[in-house]
Engineer: 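One structure coming up, written as structure tokens, with questions to follow.
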Amino acid sequence: MTLPLPKILIVDDQPANLKALQSLLEDVDADILEASSGNEALSIVADNKLALILLDVLMPGMDGFEVASLIRGVDQIKDTPILFVTAAYKDDLHRLQGYRSGAVDYIEKPINNEILIAKVTVFLDLYLARYQLEETNSRLRLEANERQIAEKALAKAQAIANLGNWDWDLKGNTLLWSDEVYRIFGLDPNSCTINYAMFLDAIHPEDRDVVQSKTNLSLSNSTIPYDLQYRLVRPNGVQRIVHEQGDVLQDKSGQPIRMVGITTDITERKRAEKLILDLNVNLEKHVVKRTQELEDSNKELAAFSYSVAHDLRAPLNNIIGFSRILCEEYRNGLDEEGRAYLDWLRNSALQMQIRVNDYLNFARSTRVSTRSEKVNLSDLVEHAILYAKVIHPKLESIGVSITPCLMVRGDPDLLAVVVENLVSNALKFTSKSDNGHIVFGEQKNHSGEREFFIQDNGVGFDPCLTHRLFKSFESLHEPGEFEGSGIGLTTVQRIIKRHGGKIRAESMVGKGATFYFTLGKAG
């Protein structure tokens, strides 16, 4: 602790006397303050904690006796030691008056330097000793207060956490428990003193041997932790579950002398864990049941959708077939309006056939199991383009570039669906372009995988809408601008995922589009 520099006040109405006292005290380790009147002295005393006052008795206005009396009348400063410095008033009567006023000693003028220094040094030592004592007492009071606060906080925290601490003196066979341990065991801390035998008696009979065995094991080998759970029985018969941990303390020879630890009431936590476990088991059963119900429902729905789409094909084929016969053999027998109706009927049937085929492909993309065979993607692309141009002669002018013999392994039927949809889209969105052209090829992507692509120079689409491409029944163009069911690309994505691959697209409005896809290990 660093001690403050003590302060000495010298009071005299004569500047020469003040200067002389300053000179005599220059070797004293203190801060020297000066006052030339009683009023000035009182002002300084009020504002400073002083170790000593050297006070001249004979001063005009307010003499030293009055100043000393006023100082003694104020509680905060009344204990400040005062040495009267005087050339007069040396008789016993005046000395007695000085002592009554509050002086503790006299220094006579002319001043003996050695006597002055000796007395001043004594008072400075007393001041510093008193200062250290006050600081020590203040610190002890603060520490005691902090300790009380900490103990209260600890007790509150232990109560909140259902946790208490204990200390077992092995030689004296006494147990010191915190209040929370007593509460856990259902006992009053003011009504009993606990020992180890009483502790064992409180443990459930079925757990008592385990606790003793664990205790003996830790005492024989302090490296083995004392850590266990057991049941206790309170005096009212209520059972609680506790978790206990402890450490063994040894003397210099390695013999165990104490064991300290904590006890936590985990009864509610165990109940909550069991409740959560039961809820999880029931939830898991419910999830399994609901999942199976959903799977069964999805299978029934898929089977129904497939059946409906499949059953629609026969009457559609009949409509398309007979309308074609009407167009070829009886068209001239119809007037202009009849021929328009016939064309409308035939085109509507063809559009319906496309949609039915799309729905069937969509159902098959997740319903049927996949095969793994060698597949020539280039041939699939070529066949898809030839078929599309036969159905739609107006596509004949679109140019095509196909990299030959791009071989992969996969399901030939499902991969044919992928190619048919991508080729159909490329042709459809290129049909309104001059010098339309489609390219099929492959490249290596950033991961070194084979990546196949179908590129066109058609109308393209806004790249900001790419996230909508593979959603069912979504269209990036105005309704009626281009034909389509809205599930073709969704079907493509599902099939490619089943092959372990990915699909992506790049495009700009008016600059065409390119679809890239991988087939995982199959590619």
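Values in this document were obtained by computation on a predicted structure and should not be read as measured data.
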Engineer: Taking D207 for its side chain and R231 for its backbone only, find out whether a donor-acceptor pair lies under 3.5 Å.
Structural biologist: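 Yes, because the side chain of D207 sits within donor-acceptor range (under 3.5 Å) of the backbone of R231.
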Engineer: Under a 3.5 Å distance rule, please check whether R234 uses its side chain to pair with a backbone N or O of I184 as donor and acceptor.
Structural biologist: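 Checking the backbone N and O of I184 against the side chain of R234, a donor-acceptor pair under 3.5 Å is found.
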Engineer: Would you indicate whether the side-chain heavy atoms of L42 and V67 approach each other to under 4.5 Å?
Structural biologist: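 The answer is yes, as the side chains (C-beta and beyond) meet within the 4.5 Å cut-off.
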Engineer: Roughly how far, to the nearest 0.5 Å, is the CZ atom of F199 from the CG atom of L187?
Structural biologist: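 With rounding to 0.5 Å, CG (L187) is 12.0 Å from CZ (F199).
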Engineer: Parallel, tilted or perpendicular: which fits the ring planes of W168 and Y196, with parallel below 30° and perpendicular above 60°?
Structural biologist: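 Judged by the thresholds at 30° and 60°, the geometry between W168 and Y196 is parallel.
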Engineer: Set out, in order, the CA-CA distance, both residues' side-chain angles and the distance that settles side-chain contact (heavy atoms from CB on, under 4.5 Å) for E449 and K444, then state yes or no.
Structural biologist: CA-CA 5 Å; E449 294 178 291; K444 294 287 187 180; over 6 Å; no
Engineer: With a cut-off of 6.0 Å (strictly less than), are more than 12 heavy atoms of other residues, nucleotides or ligands near CD of Q239?
Structural biologist: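 Above 12, so yes.
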Engineer: Side chains of F185 and L232, heavy atoms from C-beta outward: is any pair under 4.5 Å?
Structural biologist: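 A side-chain contact exists here, since the closest heavy-atom pair is under 4.5 Å.
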Engineer: Counting only heavy atoms not in M198 (residues, nucleotides, ligands), do more than 12 fall under 6.0 Å from its CE?
Structural biologist: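 Result for CE/M198: enclosed.
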Engineer: For W166 and T263, test the side chains for any donor-to-acceptor distance below 3.5 angstrom and give the result as yes or no.
Structural biologist: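 Present: a donor and an acceptor within the cut-off.
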Engineer: Between K270 and E268, is the closest basic N to carboxylate O distance under 4.0 Å?
Structural biologist: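 Looking at E268 and K270, the cut-off is not met.
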Engineer: If we only count heavy atoms from C-beta on, is the I53 to V45 side-chain gap below 4.5 Å?
Structural biologist: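 Result yes, sub-4.5 Å side-chain heavy-atom pair found.
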Engineer: If only atom types and distance count, is the side chain of S213 paired as donor or acceptor with the main-chain N or O of D209 below 3.5 Å?
Structural biologist: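 No: the side chain of S213 does not pair with the backbone of D209.
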Engineer: Is there a donor-acceptor contact under 3.5 Å from the side chain of T121 to the main chain of I117?
Structural biologist: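 Such a contact is found between T121 side chain and I117 backbone.
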Engineer: Give, for atom CE of M59 and atom CZ of F65, the distance between the pair rounded to the nearest 0.5 Å.
Structural biologist: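 With rounding to 0.5 Å, CE (M59) is 10.5 Å from CZ (F65).
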Engineer: Atom CD1 in I241, atom CZ in R271: separation rounded to 0.5 Å?
Structural biologist: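 That separation rounds to 7.5 Å.
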Engineer: For residues F123 and L83, determine if any side-chain heavy atom of one lies less than 4.5 Å from a side-chain heavy atom of the other.
Structural biologist: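 A side-chain contact exists here, since the closest heavy-atom pair is under 4.5 Å.
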Engineer: In terms of heavy-atom contacts, does CD of Q443 have more than 12 from other residues, nucleotides or ligands at under 6.0 Å?
Structural biologist: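 Yes - once you tally the heavy atoms of other residues, nucleotides and ligands closer than 6.0 Å, there are more than 12.
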Engineer: Could you pull out the closest heavy-atom pair between N195 and N173, with the gap in Å?
Structural biologist: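 It is CB-O, 3.4 Å.
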Engineer: One pair to check against side-chain contact (heavy atoms from CB on, under 4.5 Å): I257 and K171. What are the steps and the verdict?
Structural biologist: CA-CA 6 Å; I257 55 173; K171 291 185 178 180; 3.9 Å; yes
Engineer: Distance check, rounded to the nearest 0.5 Å: W177 atom CH2 versus N165 atom CG?
Structural biologist: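 The distance works out to 12.0 Å.
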Engineer: Does a side-chain heavy-atom distance below 4.5 Å link V242 with T267?
Structural biologist: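 The answer is no, as the side chains (C-beta and beyond) never meet within the 4.5 Å cut-off.
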Engineer: Under 3.5 Å, is there a donor-acceptor pair between the D251 and S253 side chains?
Structural biologist: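 Note: D251 and S253 side chains meet the donor-acceptor criterion.
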Engineer: Can you confirm whether D29 is buried at CG, in the sense that more than 12 heavy atoms of other residues, nucleotides or ligands lie under 6.0 Å from that atom?
Structural biologist: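 Counting other residues, nucleotides and ligands, CG of D29 stays at 12 neighbours or fewer.
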Engineer: Is the closest side-chain heavy-atom distance between M62 and L70 below 4.5 Å?
Structural biologist: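 Touching, per the 4.5 Å side-chain cut-off.
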Engineer: Under the side-chain contact (heavy atoms from CB on, under 4.5 Å) rule, what do V492 and F515 come out as? Steps first, then yes or no, please.
Structural biologist: CA-CA 11 Å; V492 168; F515 283 82; over 6 Å; no
Engineer: Do V85 and L55 have side chains that approach each other closer than 4.5 Å (heavy atoms only, starting at C-beta)?
Structural biologist: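 They are not in contact (no side-chain heavy atoms under 4.5 Å apart), so the answer is no.
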Engineer: Let me confirm one number: the CG-CD distance from L519 to E451, rounded to the nearest 0.5 Å.
Structural biologist: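 Answer for the CG-CD pair, L519 versus E451, is 10.5 Å.
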Engineer: Test your reading of the model: is there a side-chain donor-acceptor pair from D456 to the backbone of A513, 3.5 Å cut-off?
Structural biologist: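 A pair under 3.5 Å: yes.
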Engineer: For E244 and Y226, which I'm curious about, is there any donor-acceptor pair between the side chains at under 3.5 Å?
Structural biologist: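 Side chains of E244 and Y226: pair found under 3.5 Å.
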Engineer: Decide, yes or no, whether a salt bridge links E284 with K289 under the criterion of side-chain N to carboxylate O below 4.0 Å.
Structural biologist: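 A salt bridge is absent here (no side-chain N lies under 4.0 Å from a carboxylate O).
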Engineer: Hydrogens and angles aside, do Q22 and E34 bring a side-chain donor and acceptor to less than 3.5 Å of each other?
Structural biologist: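 Yes.
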Engineer: With rounding to the nearest 0.5 Å, note down the distance linking CD in E40 to CG in L33.
Structural biologist: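 If we round to the nearest 0.5 Å, E40:CD and L33:CG are 10.0 Å apart.
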Engineer: List the steps and the verdict of side-chain contact (heavy atoms from CB on, under 4.5 Å) for T514 and V439.
Structural biologist: CA-CA 9 Å; T514 305; V439 178; over 6 Å; no
Engineer: For I496 and T518, which heavy atoms make the closest approach, and how far apart are they?
Structural biologist: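 That closest heavy-atom pairing would be CG2-O, 3.4 Å.
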Engineer: How far apart are the closest heavy atoms of S220 and L217, and which atoms are they?
Structural biologist: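 So the two residues come closest at OG-O, 2.9 Å.
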Engineer: May I ask you to decide if Y516's main-chain N or O and R504's side chain share a donor-acceptor pair within less than 3.5 Å?
Structural biologist: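 Looks like no, no N/O pair under 3.5 Å.
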Engineer: Keeping E66 on the side-chain end and D63 on the backbone end, is there a donor-acceptor pair under 3.5 Å?
Structural biologist: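 Answer holds: yes.
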Engineer: Will you find, in the side chains of D265 and H243, an N or O donor that is under 3.5 Å from an N or O acceptor?
Structural biologist: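 The answer is no; no qualifying pair exists.
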Engineer: What closest approach, in Å, do V11 and A41 show between heavy atoms, and which atom pair accounts for it?
Structural biologist: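 So the minimum-distance heavy-atom pair works out to CG2-CB, 3.7 Å.
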Engineer: Taking all non-hydrogen atoms of both residues into account, name the closest pair between S222 and Q250 and its distance.
Structural biologist: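 That would be OG-NE2, 3.4 Å.
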Engineer: Verify salt bridge (Lys or Arg N to Asp or Glu O under 4.0 Å) between D179 and R183, making sure each step is shown before the conclusion.
Structural biologist: CA-CA 6 Å; D179 288 351; R183 191 199 65 78; over 6 Å; no
Engineer: Using the salt bridge (Lys or Arg N to Asp or Glu O under 4.0 Å) rule, take K119 and E114 through it: C-alpha gap first, then chi angles, then the decisive distance, then the call.
Structural biologist: CA-CA 9 Å; K119 289 188 176 184; E114 292 182 356; over 6 Å; no
Engineer: Given side chains that start at C-beta, do those of L489 and N425 come closer than 4.5 Å, heavy atoms only?
Structural biologist: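 Yes, at least one pair of side-chain atoms sits under 4.5 Å.
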Engineer: For residues I8 and A30, report the shortest heavy-atom separation together with the two atoms involved.
Structural biologist: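 Taking I8 first and A30 second, the nearest heavy atoms are CD1-CB, 3.8 Å.
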Engineer: Counting N and O atoms only, with roles assigned by atom type, does the side chain of H499 sit under 3.5 Å from a partner on the main chain of G501, one being a donor and the other an acceptor?
Structural biologist: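 No; zero donor-acceptor contacts below 3.5 Å.
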Engineer: Check for a donor-acceptor pair, side chain of S218 on one end and backbone N or O of K214 on the other, with a separation under 3.5 Å.
Structural biologist: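 Checking the backbone N and O of K214 against the side chain of S218, a donor-acceptor pair under 3.5 Å is found.
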Engineer: Do S178 side-chain atoms and G164 backbone N/O form a donor-acceptor pair below 3.5 Å?
Structural biologist: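 No; zero donor-acceptor contacts below 3.5 Å.
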